[in-house]
Amino acid sequence: MTATSPLKSLAITAFRGSTGTFTLPFEKGRKLTLVYGENGTGKTTICDALELLAHERVSSLDGYGLGKGLEKYWPSAGKTAADISILLETGSGSCAGIVVGKAAQITPAADRPKIELLRRQQILNLIQAQPKERYDAIKRFIDIGTFEASEEALRQQGKALTDERKTAAQAEDQSLEELQGFYDTAGVQEGLNPVDWAKQKLAEPDANLDGDIGSIGKLRSAFDGLKLVPERLTTRQEAVTDATAHLGSAEADLATAAAAVTEGAAETLAVLEAGSKFLHDHPNAAECPLCLSAENAATLASDLANRLAHLGQLRTATNTRQQRAVALTGAQTALTQLDADYATAVAAYVSAKDGHTWKAEVQLPADVPPSAIASLQSWITTNEAHAESWPAVEAAWRDEKKFAASLKAASDRYDQNLSKRVELDVLLPLMDSALQHCVDQRQAFTNKIIGEIAEEVGTLYEKVHPGEGLDKIALPLDPNKRASIELEAKFSGKDVPPQAYFSQSHLDTLGLCVFLALAARDRPGETILILDDVLGSVDEPHVERVVSMIYEVSEGFRHTIVTTHYRPWREKFRWGFLKPDQVCQFAELKLWTLADGMALTGSVPEIERLKVLLADPTPDIQSICAKAGVILEALLDFITLKFGCAVPRRPAGTYTLGDLLPAVNGKLLAALKIEALDYSVGPPPAITAIELKPILDQITAIAQTRNVMGAHFNELAFDLYPSDGVNFAKLVEQLADAIICPDHGWPGKDKSGSYWNNGGDTRRLHPLKKPA
Amino acid sequence: MSDTESPSEALSGEVVDRLIAAGLLRADKRDALVSKIAGGEMKGGDWRVEIDLAQLKGAQE
């Protein structure tokens with residue numbers, strides 16, 4: 001079911017006043033349905049049924065002190081909830097409602113109708129409501145909660161950044177104080193603030209202390225290296241002396257040992273050792289294994305041992321001597337190496353000294369170390385005082401470096417904090433500006449919508465109370481209270497709450513206008529507008545304007561159902577006096593009975609009744625003449641009023657045909673013309689011109705027929721033929737058909753400026769003014 | 001405000017257009033920003049980034 005498809009019928013079973021099944025058919029092509037019925041005929045049941053489908057509730061039961069569980073009053077008398085059935089059929093489907101347990105069940109739920117329902121007892125709700133409740137009723141049109149969440153995030157971000165900026169500024173001040181401390185420590189310099197001074201200080205090329213410190217470290221190391229050389233020279237010279245002495249001693253020992261050994265002993269060593277081994281293996285040998293002599297065999301073993309011992313001493317002395325000789329060579333080499341080392345140390349010193357540009361505070365030896373090691377000590381002694389000053393210089397430089405590092409850190413902190421503060425100084429106004437745009441636009445947006453609603457209310461109210469609506473109704477948002485809407489009206493030029501000065505009728509009208517203005521804002525093309533007996537307290541002079549206003553507003557909605565028990569509306573509608581611009585369905589409910597429940601009854605307009613009477617093959621002439629006479633009076637009343645024709649003045653303003661017919665005369669009579677427009681062809685519509693004078697002349701000629709045949713018992717009627725009465729009635733029918741459109745009624749509007757016409761522009765009555 | 005547009009969406013559209021005109025948001029991100037703001041999903045950090053980026057883009061142009 002599409003949300004805009006036309007309604008076809010509403011069937012209500014066992015619900016509220018509908019004891020059986022009541023069906024309200026909606027006539028095709030008619031978006032406005034007027035439901036007339038006396039009190040208790042079931043008008044509200046129709047509204048309740050649609051409300052149940054739309055909202056699963058019945059608000060007509062509210063406010064009567066019925067307590068909770070109002071659903072128990074949903075079934076009609078003698079029925080149960082399970083009997084309830086409501087079916088709305090439309091051009092594209094249907095939507096059904098039943099009651100299961102205590103709840104309504106709508107199928108399909110997605111196709112439930114969208115309705116806007118105003119009941120008579122609710123009409124003052126928006127007028128008498130507290131400002132907050134009034135806001136609640138309107139807020140669906142200005143519900144911008146999610147937007148406000150984003151706006152609030154922007155606001156909070158602005159606050160957070162403001163705090164951040166404050167913190168940054170404090171940190172900036174703190175950093176500045178730090179720099180001030182360094183500045184003061186370094187000694188104030190004319191023309192420089194601490195920040196500029198620090199920048200200048202950190203940018204100074206000689207502020208590069210790392211090179212100085214590194215170089216003086218090398219210099220000190222080189223000098224220390226030189227200082228070791230004299231001691232090493234002494235040590236190594238002594239080592240050579242000692243080694244020489246040791247070698248001499250070893251050579252003497254070797255000579256002694258050699259003397260103890262027989263000549264050539266050294267060559268026989270292998271033989272001696274082999275003999276000794278043999279004798280060791282053959283301890284009882286009786287002869288020399290070499291010469292086989294038995295002589296000296298007994299002492300042979302001990303003799304061999306002695307001779308080998310002497311040879312061992314000689315070997316030891318030889319080894320010692322060799323070792324001492326090696327030691328001497330080593331000592332001599334070391335002494336020689338010291339020369340080379342010294343040359344290297346001198347080169348390192350020269351490199352350290354000459355490889356750096358020294359500051360003035362560094363005292364340096366005037367000359368290079370001597371080439372002769374022997375002279376070095378003297379050079380050292382001469383320059384040691386300079387060298388001893390270097391650690392203090394280095395320490396001072398290290399302090400200066402630490403100072404510079406601390407200064408740089410402080411300067412960097414200052415720069416960071418300054419940068420952050422400056423960044424926020426740029427950003428914060430932008431954030432504030434964005435927030436202000438949001439606030440301004442939100443307020444303008446909300447005020448615009450509320451203004452539009454107020455304007456629409458004023459426009460509608462103006463239709464009913466001319467001069468009292470436009471620019472005189474306002475719904476100002478209370479700036480001091482969120483979600484609160486006042487209601488103001490101008491009364492004698494002053495802004496006042498209308499509740500205080502307006503009559504009940506005016507308040508009712510205002511309430512209706514507020515409701516209609518709101519209903520029209522929310523997808524009216526999908527909305528069924530339901531006005532349930534809202535004309536109750538509108539006073540007589542304003543009823544027609546209220547009805548016209550309702551007719552006009554209803555054109556924008558999917559469908560409009562207006563219920564009323566206001567009988568003049570019914571009569572004026574039936575006579576065609578109160579026809580809406582759009583074609584409209586008129587449904588009349590007959591009196592409710594328990595047995596029949598709700599039912600529709602015919603509500604035939606007078607002209608239709610005349611046509612029915614004329615169509616009777618055995619016409620009732622008296623009835624025909626009477627009905628035609630009444631219709632003719634209505635037609636002449638209309639014409640004489642529109643053109644200000646002169647009629648005899650009488651109490652209560654009652655006029656007879658004898659008064660009215662002659663009043664339409666002269667140039668006016670000659671000029672009276674109807675144009676009937678048929679829009680079923682074209683565009684342009686087919687126009688039929690009908691002169692009224694010929695019809696009125698014929699009617700005038702036989703006007704007495706009405707009184708003779710249709711008003712009283714009169715013997716004169718005996719002399720007339722029934723056809724005379726029928727002719728009279730047909731002329732009246734002809735005149736009525738010419739002037740009155742069955743769908744759009746009488747041509748009573750003069751807004752064209754050229755003629756009178758009806759709402760549908762299907763009848764145009766000429767002239768606009770009575771000819772002079 | 002169209003029939004299908006919520007009040008928040010309608011307002012967000014107006015606000016974003018105004019902020020773009022003021023150079024506070026980027027025009028090429030309009031629809032995404034409208035959706036985000038209307039949905040209540042624009043956090044504080046998002047606002048800052050978007051305003052920063054709009055400034056950056058403005059400076060580059």
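Chain letters run A, B, ... following the sequence lines, proteins first, then strands; residues in each count from 1.
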Quick check: closest heavy atoms across [X] and [Y], and the distance to 0.1 Å?
X      : Y      : result
A:I144 : B:S8   : CA-OG, 3.1 Å
B:E41  : A:S150 : N-OG, 3.7 Å
A:A153 : B:W47  : C-CD1, 4.2 Å

Would you find more than 12 non-hydrogen atoms of other residues, nucleotides or ligands less than 6.0 Å from A:K8 atom NZ?
-> no
Measuring heavy-atom distances to chain A, does B:I37 have an atom under 4.5 Å in its side chain, in its backbone, in both, or in neither?
-> both
Which answer fits B:A22, side chain, backbone, both or neither, if we ask what part of it has an atom under 4.5 Å from a heavy atom of chain A?
-> side chain
Carefully, step by step, assess A:E151 and B:V15 under the rule side chain to side chain contact (heavy atoms under 4.5 Å, CB included).
-> CA-CA 10 Å; A:E151 180 189 308; B:V15 166; over 6 Å; no
Pick one of side chain, backbone, both or neither for A:L430, based on which atoms fall under 4.5 Å of a heavy atom in chain B.
-> both
Contacting region of A:E452 [heavy-atom separation from chain B under 4.5 Å] | neither
Supply the atom-to-atom distance [X] [atom1] to [Y] [atom2], rounded to the nearest 0.5 angstrom.
X     : Y      : atom1 : atom2 : answer
B:E14 : A:D440 : CD    : CG    : 12.5 Å
B:R18 : A:H437 : CZ    : NE2   : 5.5 Å
B:D52 : A:E423 : CG    : CD    : 6.5 Å
B:L11 : A:F147 : CG    : CZ    : 4.0 Å

Residue among A:A160, A:A444, A:A434, A:A149 with most heavy-atom pairs under 4.5 Å to chain B = A:A434
Step by step, work out the side chain to side chain contact (heavy atoms under 4.5 Å, CB included) result for B:M42 and A:L154.
-> CA-CA 8 Å; B:M42 192 78 167; A:L154 174 58; over 6 Å; no
If we only count heavy atoms from C-beta on, is the A:V426 to B:Q55 side-chain gap below 4.5 Å?
-> no
Residue from B:G45, B:G23, B:A38 scoring the most non-hydrogen pairs under 4.5 Å with chain A is B:A38
